[in-house]
Amino acid sequence: MYPEESLVSEASIKRDYDPNSIERRWQERWVESGLYKTDEDLAKPKHYALTMLPYPSGDLHVGHWYAMTPSDTRARFMRMQGYRVFFPIGFDAFGLPAENAAIDRGIHPYKWTMANIERMRGQLCQMGAMFDFDSEIVTCDPEYYRWNQWFFLKFFEMGLAYRKEAPVDWCPKDNTTLAREQVVGPERRCERCGTPVIKKNLAQWLFKITDYAEELLDFSKIEWPERVEALQTNWIGRSEGAEILFNVPGYGHVEVFTTRPDTLFGATFFVLAPEHPAVEKITTPEHLLEVSAYVERAGRMTEIDRMDATREKTGVITGAYAINPANGEEIPVYVADYVLLGYGTGAIMAVPAHDERDFEFAKKYGIQIRTVIAPPYWNGEELEEAYTGEGPMVNSNGFEGIPNVEGKAMMTSWLEERSVGRAAVTYRLRDWLISRQRYWGTPIPIVYCQQCGIVPVPEEELPVLLPEDAEFMPTGESPLKLDERFRNTMCPRCDGPAERETDTMDTFVDSSWYQYRYLSPHYDDGPFDPERGEHWLPVDRYTGGIEHATMHLLYTRFFTKVMRDLALVWFDEPMTRLFNQGIILGEDAEKMSKSRGNVVNPQEFVDRYGSDVLRCYLMFIGPWYHGGPWNAHGIEGVVRFLRRAHSLVAGGEPSAAEADPEELGRRTARLVKKVTEDLDAFRFNTALATLMEHTNYLLGIKGEVRKEVWQNALRTFVLVLAPFAPHHAEEMWALIELPYSVHEQAWPVWDEGLIAPKEITLVIQVNGKLRDRIEAPANVSEDVARELALASTKVQPYIEGREIRESVYVPGRLLNFVVG
RNA sequence: GCCGGAGUGGCGGAAUUGGUAGACGCGCCGGACUCAAAAUCCGGUUCCCUUCGGGGAGUGUGGGUUCGAGUCCCACCUCCGGCACCA
């Protein structure tokens, strides 16, 4: 995608030096010398840096480069700062594209995946990252997924894995069910392929993440972006309130959840979700026809229509009555589809005066609207709309005049005393549905026996292997279901005939604990070697995209908490600090996509300019968290920068010692300070700007300082360049005849005392407006500064004939006269 | 509606956290080198006015605090992301 009339021609790139041959040469040397084997020197502080593992789609795209190379730069920086750094990589190798390739082209998913991994591994090496490939994991390897199954069994023992038949989200294109998290947007589309999902009634396996809902809301032990915390908090959706029992004479008690127990006296009707089990039992014969018709219609309606809040509320009366426990009133029971079975208890007490939805419903069906919380300046008149604000309770016998905020707790304890209610918390979060009707995933280690029922596969029989000779139907039907040899088995408990579970696990299970497996990818006695865990856990820095906020990042927190409860780990959170990078867009500032034709192929740029250029360009483009549009011309600025940097070390004996060595020392110290602080805070763009500035300065004084001084300046410069452009830095390091490898050197330190300049530009303002700039000694006193300023012919016109009321002096910066 | 984030030159973006707005880079303009071009190097580049000394305006809009506001406060506008008949 580089422009036809590129300003930097190929010939000119290769004239001075050839990035490709330099890079290839050093990559080979790095491998030979084992430079990136993980440092296990326990005397050093540990740093576990992790970047989200890629899906092996075939080729690295520019998004991978954008995610990985700054992460690598940061890891290199930590290494030079004296940390032992663990920076692993692997492949999230299960998933649908492999299976689709099998269906479309007849290639077995394993073959397809492994070929892709092979290719991507080569590209990762070309990137010049310090990944330690010895710790690589491939999640479709039985050695890996065996432990998915092991976790499943543990979850099952703990009651955290259970099977339930319920209406679930089904993607008709991918032919599988999805977790609630994988259904996105108001149109309820499949997160993977964008197809609108439908509901299907199926028996599926779920992980009980809701048991950890409260703990997942606690972010006090991690430093994660507020944005992610907000997204997860939103997703978990905690509501505090009360559960209240309403008696329906002739049936029994029906429980409701409400966040507004303070409005109980205003409950003038009662609503059940159409799917609520009580509906058919309480409906009186004369309403039966109407109710069943309504329930059927609601069932046929699509989820999207059903959830459309702008639709006019509908409902039918059941003929039954519920008794309001607060005042003993009989209130009519309706069935209405604006009440959802999946939230709370699937039944509500309706308080039209103080809830917009109930208000709309009551207006339509002529139900009484009784104000029980007085709005400001309320005189008993009828409300024109629901009042949801605060106020004193009214029409509430025994609670009159109590501020409703206090009334909530009082009403709850009043109900508790009478055993008709209690304080309760409800979450929007649903349990994690992990069953997938696909082949290319981890088989769920469960057997169904006619005698014994649901039987877990014994631990020692793991892994339950995927059959290799599966047949892939063009319809996308689960190949495991059709595979008799896989399906038919013996019950581990009674040896009788039994059937295997044919669903596989959501691939998000794989990535929920992969950070632990990296530590000992071939360990046989558990998911990871506990001794290695002690040396490296938890992850110190995790980097990746924000799109996983309510999926992967929530699941992995959940897994770690369960692992803690299994005493596998001693901490509560998987990754202490998280950084989300942005998204790299096409040149048209739109999301890259094949259909738009704006996809940037990183390989083209690597071939043309080398990977250091691509690395640096991606870091220079803007703040990492921000992302932004690709610019094929912009990258040429980085080509020039690296070439100029390289030319610093090429030849040229000093001709005259004219440059100020003190200035050089000062600027070098400033460079080190700035790059150090910027890298610490992930500000790669401004660090590179400083490196560019410094390069230009050095080129300006090249040949004008003594050899030792120059050599020393270059040494420091190459050291701080090294994390950004590892190949170029290594080459320059060799050219200035320093011993291999630059990446094993200590990060330079700076002398703060050298940084302050002796001369400063003092800004003179009059009434806050800039009037002059005066060169002055850095430590100039206020009195001297005043004299200098008053002597300025540029300042004089603005103070002549006026009274100087005050002057503000900021040492080393500015002097401001306030004149009247 | 609720929650979160962002608005700065032609463009990507800087600004030591209240102290010279526009660093660095792209693009553009001018110059050097060249037969010429590319590359490279040097200089310029927020806008308006200018008698070429300089002057005025300026960080989404309108107010405010302050000697001084891109930065802090209040109100609003626009855009992006998430959630949403969640009781």
Side-chain angles (χ1 to χ4, degrees), chain A residues 5-9 11-13 15-16 184-186 225-235 237-239 241 256-260 263 271 306-311 313 336-340 342-351 354-358 360-361 426-428 546-547 549-550 589 617 620-623 625-626 628-638 640-641 643-644 647 673-674 677 683 685-696 699 761-770 772-773 793-794 805-810 812-819:
Chain A
E5 329 106 64
S6 165
L7 292 173
V8 185
S9 78
S12 85
I13 298 164
R15 193 185 55 208
D16 305 314
V184 295
E226 264 182 66
R227 194 160 157 225
V228 177
E229 296 186 8
L231 286 171
Q232 293 199 350
T233 303
N234 234 331
W235 185 258
R238 184 183 197 273
S239 301
V256 302
F257 173 76
T258 179
T259 54
R260 297 295 305 274
T263 62
V271 188
R306 176 84 189 263
M307 303 280 262
D308 180 10
T310 58
R311 217 178 84 235
K313 305 256 171 304
D337 61 10
Y338 78 94
V339 173
L340 310 169
Y343 187 80
T345 61
I348 62 160
M349 63 178 216
V351 184
H354 306 292
D355 181 283
E356 283 156 25
R357 295 152 299 173
D358 299 345
E360 188 193 328
F361 193 87
T426 295
Y427 304 91
R428 210 188 68 93
I546 188 118
E547 67 274 14
T550 57
Y617 174 63
F620 182 66
I621 207 165
Y625 60 82
H626 199 264
W630 176 265
N631 183 325
H633 275 297
I635 197 170
E636 287 165 5
V638 176
R640 292 187 187 116
F641 157 61
R643 181 171 34 213
R644 286 157 70 86
S647 72
K673 179 186 163 107
K674 178 78 173 136
E677 289 174 353
R683 289 187 300 249
N685 56 329
T686 49
L688 273 162
T690 309
L691 282 162
M692 289 175 180
E693 213 171 355
H694 195 75
T695 303
N696 294 341
L699 273 178
T761 306
L762 188 69
V763 170
I764 312 300
Q765 297 182 336
V766 178
N767 286 344
K769 274 188 191 293
L770 177 90
D772 198 7
R773 291 162 210 209
T793 52
K794 287 180 186 167
R805 285 202 216 133
E806 198 187 336
S807 64
V808 179
Y809 180 61
V810 182
R813 279 196 185 283
L814 65 75
L815 179 65
N816 183 18
F817 292 111
V818 186
V819 303

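Residue numbering restarts at 1 for every chain, and letters A, B, ... go by the order of the sequence lines.
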Checklist line | B/A69 to B/G60 separation - C1' atoms, rounded to the nearest Å | finding: 16 Å
Find every protein N or O atom lying less than 3.5 Å from an N or O atom of nucleotides 7-13 of chain B, and list the pairs.
residue : atom : partner  : partner atom : Å
B/G12   : O2'  : A/Ile621 : O            : 2.6
B/G13   : OP1  : A/His626 : ND1          : 3.0

Check: Atom CE of A/Met692 and atom P of B/C26: how far apart are they, to the nearest Å?
Finding: 8 Å
Next item on the list: Using a 4.0 Å cut-off on protein heavy atoms (strictly under), produce a 5'-to-3' string for nucleotides 82-87 of chain B with B for base contact, S for backbone-only sugar-phosphate contact, and - for none.
Entry: BSSBBB
Checklist line | Touch class at under 4.0 angstrom, heavy-atom based, for A/Arg227 against every strand present | finding: sugar-phosphate
Checklist line | d(NZ, A/Lys674; C1', B/C24) in whole Å | finding: 11 Å
Next item on the list: Give the B/S/- string for nucleotides 54-60 of chain B, one per nucleotide from 5' to 3', where a protein heavy atom under 4.0 Å of the base yields B, of only the sugar-phosphate yields S, and otherwise -.
Entry: -SSS---
Notebook entry, point to check: Taking the P atom of each, how far is B/U46 from B/C83, in whole Å?
Noted result: 44 Å
Margin query: Once you apply a heavy-atom cut-off of 4.0 Å, does A/Glu693 come out as touching a base, just sugar-phosphate, or nothing?
Written below: sugar-phosphate
Next item on the list: Rounded to whole angstrom, note down the P distance from B/U17 over to B/U61.
Entry: 26 Å
Note to self: Can you tell me if A/Arg643 touches the phosphate of B/A39, counting only side-chain N or O atoms and a distance under 4.0 Å to OP1 or OP2?
What the structure shows: no
Next item on the list: Take atom P in B/U65 and the same atom in B/G70, then report the distance between them in whole Å.
Entry: 16 Å
Check: Is there a donor N/O on one and an acceptor N/O on the other, under 3.5 Å, for the side chain of A/Arg644 and the base of B/U40?
Finding: no
Next item on the list: Could you tell me the separation between the CZ atom of A/Phe817 and the C1' atom of B/C67, rounded to a whole number of Å?
Entry: 12 Å
Notebook entry, point to check: Is B/U17 syn or is it anti, if syn means the base angle is within 90 degrees of 0?
Noted result: syn
Item checked: Whole angstrom value for the distance that separates C1' of B/G1 from CD of A/Glu356 -> 8 Å
Item checked: Whole-Å distance separating the CZ atom of A/Arg640 from the P atom of B/A38 -> 13 Å
Next item on the list: Starting at the 5' end of nucleotides 43-49 of chain B, put B wherever the base has a protein heavy atom under 4.0 Å, S where only the sugar-phosphate does, and a dash everywhere else.
Entry: -------
Note to self: Whole angstroms only, please: what is the CD-P distance between A/Glu677 and B/A14?
What the structure shows: 17 Å
Check: Looking only at atom C1', what distance separates B/C35 and B/G54, rounded to whole Å?
Finding: 45 Å
Next item on the list: Using the C1' atom on both, measure B/C79 against B/G31 and round to a whole Å.
Entry: 43 Å
Check: OP1 or OP2 of B/G25 less than 4.0 angstrom from a side-chain nitrogen or oxygen of A/Asn696, does that happen here?
Finding: yes
Check: Nearest-Å distance, CD (A/Gln765) to P (B/G18)?
Finding: 16 Å
Next item on the list: Counting Watson-Crick and G-U wobble pairs whose two distances are both under 3.5 Å, find the runs of 3 or more in a row that involve RNA chain B.
Entry: B:1-7 with B:77-83, B:10-12 with B:24-26, B:27-32 with B:40-45, B:46-49 with B:54-57, B:60-64 with B:72-76
Margin query: Over all strands shown, is A/Arg238 touching base, sugar-phosphate only, or nothing at heavy-atom distances under 4.0 angstrom?
Written below: nothing
Next item on the list: Please figure out whether A/Val638 or A/Val818 has its closest RNA chain B nucleotide nearer the 5' end.
Entry: A/Val638
Next item on the list: Describe, in one word, how the ring planes of A/Phe361 and A/Tyr338 are oriented to each other, choosing from parallel (under 30°), tilted (30 to 60°) and perpendicular (over 60°).
Entry: tilted
Check: Does A/Arg227 have any side-chain hydrogen bond (donor to acceptor under 3.5 Å, both in side chains) partners at least two apart in sequence or in another chain, and if so, which?
Finding: none
Next item on the list: Quote, to the nearest angstrom, the P distance that separates B/G62 from B/U78.
Entry: 16 Å
Checklist line | Same-atom distance (C1') from B/C80 to B/C47, integer angstrom | finding: 29 Å
Notebook entry, point to check: What is the distance, rounded to the nearest whole Å, between atom CD1 of A/Ile546 and atom P of B/A6?
Noted result: 12 Å
